[in-house]
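A short write-up of the structure that comes next.
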Amino acid sequence: MPVYNQSRSRIVQIIFLAVFVIILGQLLHLQLFSSNYRMQAESNARYRKVIYPDRGLVYDRKHKAVLGNTIMYDLVVTPGEIKGTDTFAMCKILGIDTAEFKKRIVTAIIKNSRNKPSVFEPLLTPELYAKLNENMYKFRGFVLSDRPVRDYPYAAAANILGYLGEVDTGFLRRHKEDGYEMGDYAGMTGLERTYEKVLMGQRGINYLTRDNLSRIQGPYENGNYDTAAIAGKSLYSSLDIELQELGEKLMGNKVGSIVAIDPRTGGILAMVSSPTYNPNLLTGSQRRKHFSELYTDPRLPLINRAVNGMYSPGSTFKTVVGIIGLTEEVIDPSFTISCSGAFYGCGTGKPKCLDKGTFDLRGAIAVSDNSYFATVFKRLIDQPRYGTADSSLSVFNRYAYSLGLGKRLGIDIPSEKPGNIPTPAYYRKIFGPRWVSCNIISNAIGQGEVQTTVAQLANVMTLIANKGWYYTPHLIDSIESGDQYHLLENYKQKHTIPHITADAFNAIHDGMQGVMDYGTGRWAQVPGVVVCGKTGTVENYLRGVKQKDHAFFGAFAPRDNPRIAIAVMCENAGFGSTSAAPIASLMIEKYLNDSIGGKERKAKVEEIAKMNLIPERMRRAMDSLNRLHRTKDSIARNRDSLKNLRLQKEMNDTLTLEDPNEMDSGNIKEAPAESPAKRDSMPKKVQPKSPAVLPPDQRKPVPAVKPRTT
């Protein structure tokens, strides 16, 4: 062999040897030194399961659990692992089509990336869970994950307790330091929102081993890498769940609110917002459907009217005007006014008064005389020592603020409204710089621009009961294992009003007792209990059209050593003495005596519960909504029927094409003929020949069909 050929052969041998050495070295590296493939293999065989902790419980004042937990399951998907899953079988079980399946996968990737688990179908029904559990070996990339969900043993206090919702990207941005992930649930309203940090607990992680069909085989590495979930802390509240249930029953078929407070502690005993809803509706597989129904309800049951609704307080505000008038010394308890039918101090004959006569402070409160309090208010604003109406109103407002009006109280329920105590600047814009007391005389009787929440009115009753002090109203008294986040500190501070004397409060007590003894609240007395109360009837307008009056009532009892202060408001219910006052009377009796006594009082409960005071405008809106729902349901049923028929047709076509027994020499046999019933229920491509028409005497009688009603 020539030297040249020998040299070239040697080079080729060296190249082959070098390639062999490189391959051998790479194999040794992958097998002995590199962990990449080992980690990928372990990742395929290992599943990271998030363990959601039990949320903390909520107890009422008698240590009854009013908010608990139960277990439901989510179907969770990791989009990057679904290759080879039986999509058709899953769609059939879930009752969705392939387009919806793809949409959910894309949504999961957008929300939580391809390699992280996301909820595909939340809160499965027991039947759906059973079907999926039997077939999970078909669904690569999917797992069933248990999740504690809320349970409401008493089906009450929905607006207080609140509900959970799945976190979105906005929530994650606002709480990026709190460790939430897509698919987590968090408190959205009520106590669930306020005390989320306490209730949520701490998630745990379990690592599990999977086989080649993605079936869970057991713990990974004997659980050495697992972390335990830590349950949330429980809350102990001042709520009396039996009183709450009674309040919700009495407010059935009404729009309004009740707030009852223990004056000694500021603890809220009941907070009723009506219409309300069963809080169990917002858990489980039908949560979205129920939420949509509640959200579109014209009566707005998702709003907590106790803290979110702002109303003119009407004659209940006369107690405030009386306190300020006594303190400013423009009147004393013996000061009298004669009313001949209206207040003429501003030359307009307004406001009118229902009871003619001469009244001192006690009598004026008892019969709710408008002229008396219009006179007191005019004297307050026209005081020469303050120079102008602007300055006098500023003094009046400072008293009102000290009584907890015109500002948020700080109740531990989200979205509390501040109410409104109108300022001098506001009136300067309306009436100019030289406005006078007669421009705002309607404020004297709790009308005009004065607005309060029902919670604020209940707090005013608390302050009057205590003769000048109160604790900020709150629902939670203590937290299991202590107040780690200092959430309760504000509710331990006593607020006092030293510049208002006990004599002023005693005079108001006398008048409020007169309301119940012989005045506007005499029909709402509580047997054996001395109650101090004040009725209110409030004019209101909607888009310039006068509506039926709102009914108010505020009270506390007993007069000596008060144990409950309460405010009741019924929208468009007429006089406060005929609707709101009887409700408060029964609530007071239930709390103080732990029961409603006697046949007559129990019958009163049923009578009021059946009384329908839903405003007419809401009834009309409900009727319109019901008609719309019936129409939509009819359209949806027709659409679902057509959809099911198309799916059935697709399945039949698929079976016809793919069944090997139907194949003959590469030709597809015609599908079996359909039964007449089936043919009639599906779109017809070819019209069959019409049967011969029989003579009338040979025809079978057609059974009568009853008209379908909805």
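This structure is a prediction, so every number in the text was calculated from the model and none was measured.
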Assess the pair Phe343 and Tyr372: is the distance between their ring centroids shorter than 6.0 Å?
->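 No.
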
When the aromatic ring centroids of His550 and Phe575 are compared, is their separation below 6.0 Å?
->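 No: the rings miss the under 6.0 Å criterion.
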
Would [X] and [Y] count as having a side-chain donor-acceptor pair, cut-off 3.5 Å?
{"X": "Thr388", "Y": "Ser391", "value": "yes"}
{"X": "Glu328", "Y": "Tyr399", "value": "yes"}
{"X": "Asn540", "Y": "Lys548", "value": "no"}
{"X": "Ser338", "Y": "Lys356", "value": "no"}

Distance in Å, [X] [atom1] paired with [Y] [atom2], rounded so as to fall on 0.5 Å steps:
{"X": "Ser392", "Y": "Tyr386", "atom1": "OG", "atom2": "OH", "result": "7.0 Å"}
{"X": "Asn370", "Y": "Ser315", "atom1": "CG", "atom2": "OG", "result": "5.5 Å"}
{"X": "Thr375", "Y": "Ile331", "atom1": "OG1", "atom2": "CD1", "result": "10.0 Å"}
{"X": "Glu606", "Y": "Lys249", "atom1": "CD", "atom2": "NZ", "result": "3.5 Å"}

Using the ring pair (Phe, Tyr, Trp, His ring centres under 6.0 Å) criterion, which residues pair with [X]? Sequence neighbours excluded.
{"X": "Tyr277", "result": "none"}
{"X": "Tyr471", "result": "Trp469"}
{"X": "Phe359", "result": "none"}

Trace of the side chain to side chain donor-acceptor pair (under 3.5 Å) decision for Tyr154 with Gln244 = CA-CA 10 Å; Tyr154 291 90; Gln244 178 76 21; over 6 Å; no

For Lys546, does the NZ atom sit with more than 12 other heavy atoms under 6.0 Å from it, leaving out its own atoms?
->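 Enclosed.
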
Test item: Ser257 side-chain N/O and Val272 main-chain N/O as donor-acceptor pair under 3.5 Å |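 Answer holds: yes.
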
With side chains defined as the heavy atoms from C-beta onward, is the minimum distance between His63 and Tyr236 less than 4.5 Å?
->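 Result yes, sub-4.5 Å side-chain heavy-atom pair found.
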
Side chains of Lys417 and Val307: closer than 4.5 Å at any heavy-atom pair?
->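 The answer is no, as the side chains (C-beta and beyond) never meet within the 4.5 Å cut-off.
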
So, Lys64 and Asp60, do they make that salt bridge, N to O below 4.0 Å?
->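 No, this pair does not count.
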
Please step through ring pair (Phe, Tyr, Trp, His ring centres under 6.0 Å) for the pair Phe396 and Phe377, ending with a clear verdict.
-> CA-CA 9 Å; Phe396 182 92; Phe377 187 76; 5.3 Å; yes

For the student: nearest non-hydrogen atoms of Thr520 and Ser577, plus distance =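 Closest pair (atom of Thr520, atom of Ser577, distance): O-CB, 3.0 Å.
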
